J.: 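Okay, here's the structure, questions in a sec.
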Amino acid sequence: MDAKKLDYNFYQRPDVVQIAEELVGKVLCSQIGDAPVTSGIIVETEAYCGRNDKACHANNGLRTDRTETMYQAGGVAYIYLCYGIHHLFNVVTNEKDKADAVLIRAIQPLDGIDTILSRRKAEKIRPPVSAGPGRLTQALGITTDLSGANLTDSIIWIEDRNISIKDTDIKSTPRIGVDYAGEHANRPWRFSLKNSDWVSQ
DNA sequence: CATTTGATGTTCT
DNA sequence: GAACATCAAATGC
């Protein structure tokens, strides 16, 4: 097996947009409670930058109880409750006090398919099971309890399995659902795998 | 099919 | 009270 867990050298680099692009094709894994390991290939991400990005919760140094995790040094999980229902999973990047993060928007299930299906109350493995930020967290059993978890030494982590992705297979487009961010909403900070059925609509 | 609506925690006004 | 990094179920063609 040629899997390598991503470490601080990956997460703590300063360019969150580049990290977001490189995360496409990596494998997000979780091992919750007594359940088997569940994992999936990341096929869609979005970059959020703490400085000068109106779409980010922590824009311009805004600190709340919820966003405090984003100010930690890169390599931890920032998980937050959206619309009171959905747990959204982000990877915190950059150094301490720089609130950058990458939102994982969609995965393609790899390991622990039965567990994923049972969490999602689905019978067949097809895109609605894990295409979408609220769906993938449910599929992997990720909840806000795990916010602040260390991605290098905990029950959630990201592996590089040397899945080869060509630069030309990744497309960058404007982010989703952030129209309120004005001109910043048009930044092409969403990265997705071309020709994948597992990218959210 | 497309469009609307209900669910509902955290944060801001 | 309103808005929000969403989803699923109900309703209208």
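Just so we're on the same page: letters track the sequence lines, and every chain starts at 1. This structure is a prediction, so every number in the text was calculated from the model and none was measured. All values below come from the heavy atoms of this structure, side chains included, with hydrogens, waters and symmetry mates left out.
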J.: Quick one, A:Leu146 and A:Ile156 - any side-chain contact, counting heavy atoms below 4.5 Å?
T.: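 In short, these two side chains touch, coming nearer than 4.5 Å.
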
J.: Does a side chain donor of either A:Arg119 or A:Gln138 reach within less than 3.5 Å of an acceptor in the other side chain?
T.: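 Result is no, nothing qualifies.
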
J.: Within residues 41-52 of chain A, which residues have any heavy atom lying less than 4.0 Å from an atom of DNA chain C?
T.: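 Going residue by residue through residues 41-52 of chain A, the ones with a heavy atom under 4.0 Å of DNA chain C turn out to be A:Tyr48.
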
J.: Side chains of A:Ser147 and A:Tyr78: does their closest heavy-atom pair fall under 4.5 Å?
T.: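 Yes; the side chains approach each other to less than 4.5 Å.
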
J.: If the P atom of C:dC13 is compared with that of B:dT5, how far apart are they to the nearest Å?
T.: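 13 Å, rounded to whole Å.
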
J.: Reading nucleotides 8-13 of chain C 5' to 3', which nucleotides get B (base under 4.0 Å from a protein heavy atom), which S (sugar-phosphate only), which -?
T.: S-----

J.: Let me know the distance between NE2 of A:His87 and P of B:dG9, rounded to the nearest Å.
T.: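 So the two atoms are 11 Å apart, to the nearest Å.
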
J.: Name the pairs: protein N/O against N/O of nucleotides 11-13 of chain B, kept only if under 3.5 Å.
T.:
from: B:dT11; atom 1: OP1; to: A:Thr64; atom 2: OG1; distance (Å): 3.1
from: B:dT11; atom 1: OP1; to: A:Arg66; atom 2: N; distance (Å): 2.7

J.: In whole angstroms, how far is the P atom of C:dT6 from the CG atom of A:Asn90?
T.: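 Atom-to-atom, A:Asn90 to C:dT6, this comes out as 11 Å.
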
J.: Do A:Ile158 and A:Phe10 come close enough that some side-chain heavy atom pair is under 4.5 Å?
T.: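 Heavy-atom side-chain distance check fails, nothing below 4.5 Å.
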
J.: Can you find a pair of side-chain heavy atoms, one from A:Arg63 and one from A:Asp97, that are under 4.5 Å apart?
T.: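 Side chain of A:Arg63 against side chain of A:Asp97, heavy atoms only: contact under 4.5 Å found.
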
J.: Taking C-beta and beyond as the side chain, do A:Ser200 and A:Arg135 meet within less than 4.5 Å on heavy atoms?
T.: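 A side-chain contact under 4.5 Å is absent here.
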
J.: Going by the rule salt bridge (Lys or Arg N to Asp or Glu O under 4.0 Å), which residues pair with A:Asp111 if we only count those two or more places apart in sequence or in a different chain?
T.: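 For A:Asp111, the residues satisfying salt bridge (Lys or Arg N to Asp or Glu O under 4.0 Å) (neighbours in sequence not counted) are A:Arg161.
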
J.: Write down the distance between OH (A:Tyr83) and C1' (B:dT8), rounded to a whole number of angstrom.
T.: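 Roughly 12 Å, once rounded to whole Å.
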
J.: Taking C-beta and beyond as the side chain, do A:Leu151 and A:Leu6 meet within less than 4.5 Å on heavy atoms?
T.: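 Side-chain contact under 4.5 Å: no.
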
J.: Once you round it to whole Å, what is the distance between C1' of C:dT6 and CZ of A:Phe89?
T.: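 These atoms are roughly 18 Å apart.
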
J.: How would DNA chain C look in dot-bracket form, 5' to 3', counting Watson-Crick and G-U wobble pairs with both distances under 3.5 Å and writing | for bases paired to another strand?
T.: ||||.|||||||.

J.: Keeping A:Ser30 on the side-chain end and A:Ile32 on the backbone end, is there a donor-acceptor pair under 3.5 Å?
T.: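 No; judged by distance alone, with no hydrogens or angles, the pair does not exist.
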
J.: Would a 4.5 Å heavy-atom cut-off, applied to side chains only, mark A:Pro133 and A:His86 as touching?
T.: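 A:Pro133 vs A:His86: side chains apart.
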
J.: Nearest whole angstrom, please: distance from the C1' of B:dA2 to the CD of A:Gln201.
T.: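 Whole-Å distance recorded here is 12 Å.
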
J.: Send over the distance from A:Leu81 CG to C:dC7 P, rounded to a whole Å.
T.: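 Distance check: A:Leu81 CG to C:dC7 P gives 13 Å.
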
J.: When you compare B:dT10 with C:dA8, how far apart are their C1' atoms, in angstrom units rounded to a whole number?
T.: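 Result for the C1' pair: 22 Å, nearest Å.
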
J.: So does A:Asp153 pair up with A:Lys5, basic N to acidic O under 4.0 Å?
T.: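 Answer for the salt bridge query: no.
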
J.: Looking at residues at least two apart in the chain, or sitting in another chain, which of them share a salt bridge (Lys or Arg N to Asp or Glu O under 4.0 Å) with A:Glu21?
T.: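 A:Glu21 satisfies salt bridge (Lys or Arg N to Asp or Glu O under 4.0 Å) with no residue once adjacent residues are dropped.
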
J.: If I take atom CD1 in residue A:Ile104 and atom P in nucleotide C:dT6, what distance separates them, rounded to the nearest angstrom?
T.: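 In whole Å, C:dT6 P lies 14 Å from A:Ile104 CD1.
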
J.: Under 4.5 Å between any side-chain heavy atoms of A:Val178 and A:Arg190, yes or no?
T.: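 No, their side chains stay 4.5 Å or more apart.
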
J.: Rounded to the Å, how far apart are A:Lys54 NZ and C:dC4 P?
T.: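 Rounding to the nearest Å, NZ of A:Lys54 and P of C:dC4 are 13 Å apart.
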
J.: Have A:Tyr11 and A:Asp100 got a donor and an acceptor in their side chains that come within less than 3.5 Å?
T.: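 No, no side-chain donor-acceptor contact under 3.5 Å.
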
